[in-house]
Each structure stands twice: as C-alpha cells, then as structure tokens.
Amino acid sequence: MTKTGETRTATASRYRVAGRWQEVDDARTLPVVSPVDGSVTGSVREFTHAEIDEVFASAGAAQRAWAARPLTERADLLHRFADRLAESAGEIGDVLMMEIAKPAKDARDEVVRSADYLRHTAEDAKRIIGESQFSDSFPGQARNKLAVAHRVPLGTVLAIPPFNYPVNLAVSKIAPALATGNAVVLKPPSQGALSALMMCELAYDAGVPPEVLQVVTGRGSRIGDYLVRHSGVGLISFTGSSETGADLARKAGMVPLLLELGGKDPAIVLDDADLDDAAADIVAGAFSYSGQRCTAVKRVLVIDSVADELVAKITERTAKLTVGDPRDNAQITPLVDADAAAGAERLVHDAVAGGAVLALGGTRTGRLVRPTVVDHVTEDMELAWVEPFAPVLPVLRVGSAAEAVRLGNRSEYGLQAAVFTRDIDAAIQIAARLDVGTVQVNGRTARGPDHFPFVGTKASGMGTQGVKPSIEAMTRVKSLVVNLSGKDLDGTAASSRP
Ligand code: NAP
Ligand code: G3H
C-alpha cells in the first residue's frame with residue numbers, strides 16, 4: 001500500500017484512466033507470463049480507444065497547470081519520486097525480475113539507476129537557461145530589438161520503452177518530460193508493464209498528479225497505431241526495435257520524434273591491444289542480460305594475427321558465465337522473446353553450416369540459449385549483420401584496421417562501437433571513420449553513465465538522449481522580441497541604445 005492507502009499496482013480489474021481508479025469486470029485482460037517459470041506474474045488491462053482519448057484529453061488539460069508550477073516545485077517532486085523509487089528497489093526489482101527474467105541484482109540496480117536518473121534530471125532542469133541578443137549583431141540592423149529565447153514544453157509526451165529496461169527506459173523519458181513541464185502518457189512494454197505501473201504509483205505517492213503522468217497498457221501491436229497517431233501527442237519518445245520505430249515514424253506525422261533503436265555494435269580489436277582487458281570487456285558487453293541490450297557487443301572484428309589468442313580468452317571467460325534462474329542471479333537467463341531464442345539458434349546453425357566455427361555453446365533449451373561464441377564468421381553470413389538480442393557473439397577476422405572500419409560501417413545500424421588498442425592515434429582515426437553515435441576507446445559499448453549523450457545513426461535512431469539532451473529535446477525554443485522605442489531617457493532620439 002502507498003501512504004495514501006491506494007493499492008500500488010493497477011490490475012486488470014482495477015486501473016487508472018485519466019487519473020481516476022476504474023473498476024472493471026470485462027475480459028480485456030492481458031496476463032503477464034513470466035519467462036522464468038511460465039507463471040502468471042500479474043495481468044494488465046488493454047485500454048480501449050475511448051479510454052485513450054480520455055487519457056490524452058485529461059493529460060492535455062492538466063499539463064498547462066503543471067507547466068505553470070515553479071520549476072523548483074516540479075524538481076522537488078522528482079526528488080521525492082526518486083527517494084520512493086530507491087526505497088522500493090527490492091520490491092519493484094523482484095517484479096521486474098519475474099516479468100523479464102533479469103538477474104535479481106541487475107533488476108534491483110535498474111531501479112536504483114532510475115532513481116539516480118530522476119535526481120540528476122531534477123537538478124539539470126533547474127539550469128536550463130535561455131539566451132538573449134540584440135538585433136545589431138546582424139548586418140544592416142539597428143540596435144532596436146532584443147530577442148529573449150527560452151525553452152517551453154511540447155505538451156504531452158508519448159513515452160514507449162522496450163521490455164529490456166521497463167523501468168529505466170521509462171524513467172529516462174518521464175523525468176525530462178515532467179521536469180520541463182510536459183505531461184506524459186506512458187505505454188509500457190507488455191512484458192514489464194507491472195513494474196512500470198508500480199513505479200508510476202510511487203510517482204503519485206510522491207505528489208506527481210496522476211493526470212500528468214498516465215499509463216496506457218495493452219499490446220503495442222493492437223493499440224500502438226492509435227496512440228502514435230493521436231492528435232494529443234506533442235512528442236514521441238520511443239525505444240525499441242528499428243522495425244517498430246520506422247513503422248511508427250511513418251505513421252506519426254508532423255510530431256517530433258526521439259527514436260532509440262536497434263544495434264549491431266562492433267568491438268574492433270587491433271593487434272597491439274591488451275587482449276585480457278579486451279576479452280573481459282567484450283564478454284561483459286556481449287553477455288550481460290543475456291545479450292538483450294541495444295548496446296551489447298554484437299560482433300567482434302579482430303586483426304587476424306591476434307584472433308586465435310583473443311578468441312581463446314573470450315571463450316574461456318564466456319564458459320564461466322552462470323546459466324539458469326534470475327532468482328539465483330544467474331548471468332545467462334531465459335530470453336523474454338521465445339522467437340528470439342529460436343531465431344538465434346537458427347542464425348548460429350546457418351553460420352556453422354556455411355563454414356563458421358562454433359567455439360562455445362550453440363544449444364538452447366526453450367528460451368534458455370547457452371552463451372555462444374562463433375568464430376570465423378564471414379560477410380556472407382546473416383549472423384554478421386542481424387541483431388539476435390540473445391547471448392550469441394560472432395567473431396569476424398580482418399586483415400587490417402581499414403577492413404574493420406569497412407565492416408563496421410557496412411551494417412544498417414550505427415549505435416556504438418568499441419576500439420581496443422594501445423595506440424591512441426589509431427583509436428581516434430578509427431573513431432572518426434565509424435558512422436556510429438558513440439565510439440568507446442578501450443571499453444565496452446554501453447549507454448551509461450546516463451547523463452552522457454546517447455545517439456544512434458542510420459537504423460539505430462534519431463535524436464539525442466542523455467539528461468541535458470533529453471531536456472532539450474522535450475522542449476522547444478520560444479522567442480520573445482522586445483521592440484525598443486528608439487528614444488533616450490529624456491525623450492530624444494538615442495544615438496546609442498542599451
Ligand atoms: P519492440 O518490439 O519494438 O517494442 C518496443 C515497445 O514498442 C514496446 O513497448 C512495444 O509494446 C511497443 N510497440 C510494439 N508495437 C508497436 C506499435 N505498432 N506502435 C507503437 N508501439 C509499439 O522492441 P522490444 O522487443 O521491446 O525491444 C528490443 C529492441 O529494442 C531491440 O531491437 C533493441 O536493440 C532495441 N532497443 C534499443 C535501445 C536503444 O536505446 N537504442 C534500447 C533498448 C532496446 P509491446 O511490448 O506491447 O509489444
Ligand atoms: O538496451 C538498450 C539500453 O539503452 C542499453 O543500456 O548500455 O546501460 O545496458 P545499457
């Protein structure tokens with residue numbers, strides 16, 4: 001129970017619409033089935049179109065009052081929300097763990113990380129400052145106009161996070177939106193909806209008005225089109241697959257979009273790299289949360305002369321990963337998407353049939369894919385290009401840094417890349433040639449820390465996130481031009497004005 005005495009989670013029979021609790025007895029329910037053991041973790045309701053209309057109408061109306069509240073007040077509420085989230089990290093983490101089979105510790109860490117994100121955003125939002133300029137800085141203009149530009153909210157942000165970070169990637173949209181005076185309609189992933197609902201109840205408990213942060217549950221494939229085309233949307237912040245993102249962009253019309261999409265991040269290893277460090281980073285980067293991270297290392301591009309040694313080190317470390325139940329903190333856990341498990345297995349089999357060498361793994365039991373390293377993958381194999389979202393790591397051997405760059409850039413994706421070398425000049429040269437949002441030098445690909453700019457090129461996305469970039473993306477510049485009278489204080493024409 002929250003301090004206000006309300007049940008913390010909405011359920012299929014009890015849910016909020018436009019901020020008010022509704023009781024229902026019909027069958028519009030969606031069970032949330034755990035990939036851990038097949039148990040029903042809970043259920044949520046599929047919103048109707050009429051309810052979605054009601055949600056946007058009340059969010060739009062409440063947004064104006066929310067934006068009018070002092071910024072420090074909104075920031076204070078986010079801090080209170082952060083405190084409650086941190087206090088409930090264990091409780092929410094447990095639900096999250098069962099919904100998406102994330103290892104227990106990682107699930108809890110996701111919630112704590114989200115509280116930190118809220119706090120950082122609350123502080124950064126206070127530092128948004130505009131700019132001013134006189135007209136005479138443009139050729140031929142007198143000093144008779146003063147423009148004051150400041151940032152205003154966009155209205156209602158439609159936030160759609162993916163299953164792999166249902167709390168953190170919801171908060172990374174909610175925090176900058178609310179801090180800057182927007183309302184939010186959150187469409188959580190179906191797998192992850194329960195933890196997202198719990199998280200929002202904590203926001204209300206902290207004092208965030210329920211009309212300003214609303215949750216619409218239901219399958220994206222059924223209600224997604226209606227949501228993204230809704231006239232009440234001021235901006236869509238979407239994280240998920242490139243396919244869904246591209247489809248959404250076609251349908252959304254003239255609405256600003258922030259899209260964080262798929263990736264096939266390469267780890268490029270040069271012949272002078274510290275191979276132990278590189279292997280440790282690559283294994284952590286490829287296999288944490290069983291490879292279900294947009295930023296996972298999804299292919300290794302290694303110079304031939306050190307490939308045998310690197311593959312041996314990667315294989316040795318990967319073989320030590322624990323496989324099993326997230327409740328026991330196993331590192332490799334059942335995949336959320338059963339099709340992804342079958343798809344990963346097929347990609348590996350096809351590559352091996354085409355001449356690649358299985359260094360480790362290659363088997364699965366249901367959703368549980370054993371950590372897999374495939375060596376001697378070549379350009380003609382699908383495994384070199386498809387994002388498996390599974391614990392599968394292909395290794396491509398290359399003759400030179402230039403070839404690594406060519407293969408890096410041949411991907412449809414452009415999220416991140418890693419370069420391992422002791423030669424900082426080479427790292428910088430390679431980084432400059434890679435068409436990706438971020439290049440990590442001697443470190444694994446990763447989004448965090450969360451205030452760093454996070455951006456994808458090509459099919460990996462559109463727009464920049466982070467803390468400050470998200471604050472900017474969720475606001476627009478509004479300019480006030482003060483036309484000066486042209487008179488001096490004594491009423492005479494001024495020769496030089498302020
Ligand atoms: P997804 O299937 O695209 O789903 C993402 C979200 O979109 C979910 O909330 C989903 O709801 C919703 N959705 C589905 N169809 C929709 C539609 N037609 N209109 C509007 N919303 C719709 O992706 P996922 O399987 O959850 O996540 C895995 C993918 O996300 C991977 O490709 C990964 O690389 C990418 N990802 C990228 C980043 C990044 O920051 N670049 C971060 C995380 C994940 P339902 O759950 O109800 O289907
Ligand atoms: O899955 C996509 C996330 O944005 C990745 O975040 O690099 O912290 O795991 P992460």
Side-chain angles (χ1 to χ4, degrees), residues 30 32 44 46-47 99-100 102 106 109-110 113-114 117 158-166 168-170 172-173 185-193 196 215-230 233 236-252 257-265 284-298 335-337 339-340 343 386-390 412-416 418 436-438 440 443-450 452 454-466 470:
L30 276 177
V32 179
V44 294
E46 183 172 281
F47 274 55
E99 279 190 285
I100 63 164
K102 187 170 272 195
D106 295 352
D109 287 351
E110 177 178 340
R113 173 180 180 177
S114 305
Y117 190 98
L158 173 60
I160 310 182
F163 77 79
N164 63 344
Y165 283 95
N168 183 261
L169 286 172
S172 69
K173 301 172 191 325
V185 171
L186 170 69
K187 200 315 259 172
S190 294
Q191 212 72 35
V215 188
V216 168
T217 44
R219 291 215 181 285
S221 53
R222 286 175 55 91
I223 61 168
D225 285 2
Y226 194 74
L227 283 168
V228 304
R229 289 185 162 127
H230 204 283
V233 175
I236 302 175
S237 177
F238 171 86
T239 306
S241 64
S242 299
E243 195 186 351
T244 312
D247 181 58
L248 175 157
R250 278 190 291 274
K251 290 170 178 159
L257 298 177
L258 270 177
L259 303 178
E260 293 294 349
L261 308 175
K264 185 76 178 171
D265 295 358
F287 295 104
S288 65
Y289 189 35
S290 306
Q292 297 170 111
R293 296 166 49 247
C294 59
T295 47
V297 172
K298 296 194 180 108
L335 298 188
V336 171
D337 184 347
D339 292 344
V386 174
E387 179 195 37
F389 236 52
E412 66 181 295
Y413 298 108
L415 194 56
Q416 297 204 349
V436 298
T438 303
Q440 306 269 352
R444 66 190 181 110
T445 47
R447 173 166 47 112
D450 292 349
F452 280 7
F454 186 51
V455 57
T457 65
K458 302 190 279 185
S460 289
M462 180 190 285
T464 308
Q465 300 193 50
S470 295

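We count ligands from 1, going down the list as the structure has it; atoms in each ligand are counted the same way.
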Practice item. Considering heavy atoms of the protein only, find what lies nearest to atom 5 (C) of ligand 1 and give residue, atom and distance to 0.1 Å. Key: Thr239 O, 3.7 Å
Check your understanding: Quick check: does any side chain N or O of Thr445 sit under 3.5 Å from a backbone N or O of Asp265, one acting as donor and the other as acceptor?
Key -> no
Revision key, fill the gap. Minimal heavy-atom distance between Lys298 and Lys264, with the atoms involved, is O-NZ, 3.4 Å
**Study point:** Geometric N/O contact Gly240 with ligand 1, under 3.5 angstrom
**Key:** yes
Point to revise | Heavy atom of protein inside 4.0 Å of atom 36 (N) of ligand 1, strictly below | key: yes
Check your understanding: By salt bridge (Lys or Arg N to Asp or Glu O under 4.0 Å), which residues pair with Arg293, not counting sequence neighbours?
Key -> none
Study note, to complete from the structure: Nearest heavy-atom approach of Ile160 to Lys173 is O-CE, 3.7 Å
Point to revise | With sequence neighbours excluded, residues passing side-chain contact (heavy atoms from CB on, under 4.5 Å) with Tyr226 | key: His49, Ile52, Asp53, His230
Exercise for review: Side-chain contact test, heavy atoms from C-beta onward, threshold under 4.5 Å: evaluate it for Leu335 versus Phe389 and give yes or no.
Suggested key: no
Practice item. Say whether Pro161, considering both its backbone and side-chain N or O atoms, lies within less than 3.5 Å of an N or O atom on ligand 1. Key: yes
Check your understanding: Hey, does Gly245 sit under 4.0 Å from ligand 1 if you only count heavy atoms?
Key -> no
Exercise for review: Considering non-hydrogen atoms only, spot the tightest contact between Phe238 and Gly240 and give its length.
Suggested key: CE2-N, 3.4 Å
**Study point:** Heavy atom of the protein closest to atom 39 (C) of ligand 1 (residue, atom name, distance)
**Key:** Cys294 SG, 3.1 Å
Revision key, fill the gap. The closest protein heavy-atom partner of atom 27 (O) of ligand 1 is Pro162 CB, 3.5 Å
Check your understanding: Taking all atoms of both residues into account, what is the closest heavy-atom pair of Leu261 and Cys294, and its distance?
Key -> O-CB, 3.9 Å
Study note, to complete from the structure: Closest to atom 22 (C) of ligand 1 by heavy-atom distance, out of Leu30, Ile236, Thr244, Val336, is Thr244
Exercise for review: Could you name each residue pair satisfying salt bridge (charged side-chain N to carboxylate O under 4.0 Å, His left out) that touches residues 237-246, not counting sequence neighbours?
Suggested key: none
Review point. In terms of residue, atom name and distance, what is the protein heavy atom nearest to atom 10 (C) of ligand 1?
Key: Lys187 NZ, 4.1 Å
Point to revise | Leu415 side chain reached by Thr295 side chain, heavy atoms, under 4.5 Å | key: yes
Review point. Would you say Ser241 has any N or O atom under 3.5 Å from an N or O of ligand 1, going by distance alone?
Key: yes
Check your understanding: Any heavy atom of Leu169 sitting closer than 4.0 Å to ligand 1?
Key -> yes
Check your understanding: For atom 46 (O) of ligand 1, what is the nearest protein heavy atom, given as residue, atom name and distance?
Key -> Ser190 N, 2.9 Å
Check your understanding: What protein heavy atom sits nearest atom 17 (C) of ligand 1, and how far off is it?
Key -> Gly220 O, 3.4 Å
Exercise for review: Could you pull out, from Phe163, Phe238, Tyr165, the option with a heavy atom nearest to atom 7 (O) of ligand 1?
Suggested key: Phe238
Show the distances, to 0.1 Å, for all pairs joining an N/O atom of ligand 2 and a protein N/O atom that are shorter than 3.5 Å, listing one pair per line.
{"from": "ligand 2", "atom 1": "1 (O)", "to": "Asn164", "atom 2": "ND2", "distance (Å)": "2.7"}
{"from": "ligand 2", "atom 1": "1 (O)", "to": "Cys294", "atom 2": "N", "distance (Å)": "2.7"}
{"from": "ligand 2", "atom 1": "4 (O)", "to": "Arg447", "atom 2": "NE", "distance (Å)": "2.7"}
{"from": "ligand 2", "atom 1": "6 (O)", "to": "Arg447", "atom 2": "NE", "distance (Å)": "3.1"}
{"from": "ligand 2", "atom 1": "6 (O)", "to": "Arg447", "atom 2": "NH2", "distance (Å)": "3.4"}
{"from": "ligand 2", "atom 1": "7 (O)", "to": "Arg293", "atom 2": "NH2", "distance (Å)": "3.1"}
{"from": "ligand 2", "atom 1": "7 (O)", "to": "Thr295", "atom 2": "OG1", "distance (Å)": "2.5"}
{"from": "ligand 2", "atom 1": "7 (O)", "to": "Arg447", "atom 2": "N", "distance (Å)": "2.8"}
{"from": "ligand 2", "atom 1": "8 (O)", "to": "Arg113", "atom 2": "NH1", "distance (Å)": "3.0"}
{"from": "ligand 2", "atom 1": "8 (O)", "to": "Arg113", "atom 2": "NH2", "distance (Å)": "2.8"}
{"from": "ligand 2", "atom 1": "9 (O)", "to": "Tyr165", "atom 2": "OH", "distance (Å)": "2.4"}
{"from": "ligand 2", "atom 1": "9 (O)", "to": "Arg293", "atom 2": "NE", "distance (Å)": "2.6"}
{"from": "ligand 2", "atom 1": "9 (O)", "to": "Arg293", "atom 2": "NH2", "distance (Å)": "3.3"}

Point to revise | Heavy-atom nearest neighbour in the protein, as seen from atom 19 (N) of ligand 1, with distance rounded to 0.1 Å | key: Gly224 CA, 3.3 Å
